[in-house]
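Quick caveat, the model's predicted, so the values are computed rather than measured.
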Amino acid sequence: MTSTDPAAMFREMLGEWEKMANSLGGGLAKSDEFTRFMHGATAAQMNSQEAISGMMTLALAAANMPSRAEIEDLSARLARMEATLGRIEEKLGGPPERTNRPKPSRTRKPPAAKA
């Protein structure tokens with residue numbers, strides 16, 4: 001009697017199942033019905049994303065909060081201002097030097113550690 005390797009049997013079964021799935025999926029993907037279905041599903045997803053985005057914009061406006069587009073616009077404007085400021089500093093010879101201000105004195109002492 002010869003012993004059979006269960007792992008080898010599983011790998012062979014999995015390989016056969018993969019071949020069948022690839023054959024079926026390849027044929028299905030080439031059909032016009034599948035193509036139309038996928039186009040319809042993609043269009044439905046895009047429409048739902050657009051509707052959700054519109055609802056979020058309205059909800060944020062009602063809560064007096066900025067929308068994502070407004071935040072992105074502010075971020076871009078801030079980046080342009082920082083770039084302009086960097087160019088101005090460069091023409092003036094670098095960032096302004098800070099004066100050495102004295103640090104405030106520490107009047108409170110930490111509690112003594114108990115031994």
Thr57 side chain to Ser53 main-chain N or O, any donor-acceptor pair under 3.5 Å? yes
Using atom types as modelled and distance alone, determine if a side-chain donor or acceptor of Glu70 lies under 3.5 Å from a backbone N or O of Ser67. yes
Around atom CD of Glu90, are there more than 12 heavy atoms from other residues, nucleotides or ligands closer than 6.0 Å? no
Exceeds 12 heavy-atom contacts within 6.0 angstrom, atom CD of Glu12: no
Would you sort out whether Leu78 and Glu82 count as a side-chain contact (heavy atoms from CB on, under 4.5 Å), showing the intermediate values? CA-CA 6 Å; Leu78 181 60; Glu82 287 175 344; 4.1 Å; yes
Tell me, please, which residues at least two apart from Lys19 pass salt bridge (Lys or Arg N to Asp or Glu O under 4.0 Å). Glu16
I want to check something: taking the side chain as every heavy atom from C-beta on, are Leu92 and Arg87 in contact at a cut-off of under 4.5 Å? no
I'd like to know if Met13 and Trp17 are part of one continuous hydrophobic network [Ile/Leu/Val/Met/Phe/Trp/Tyr, side-chain heavy atoms within less than 4.5 Å]. yes
Say you draw a straight line from CG of Leu28 to CZ of Phe37; how long is it, rounded to the nearest 0.5 Å? 10.0 Å
Salt bridge (Lys or Arg N to Asp or Glu O under 4.0 Å) pairs, two or more places apart, involving residues 37-64: none
Mind checking the CD1-CG spacing from Ile71 to Leu60? Nearest 0.5 Å is all I need. 9.0 Å
Nearest 0.5 angstrom please: Leu24 CG to Met20 CE, how far? 8.5 Å
Within this structure, what is the CD-CZ distance for the pair Glu72 and Arg68, rounded to the nearest 0.5 Å? 5.0 Å
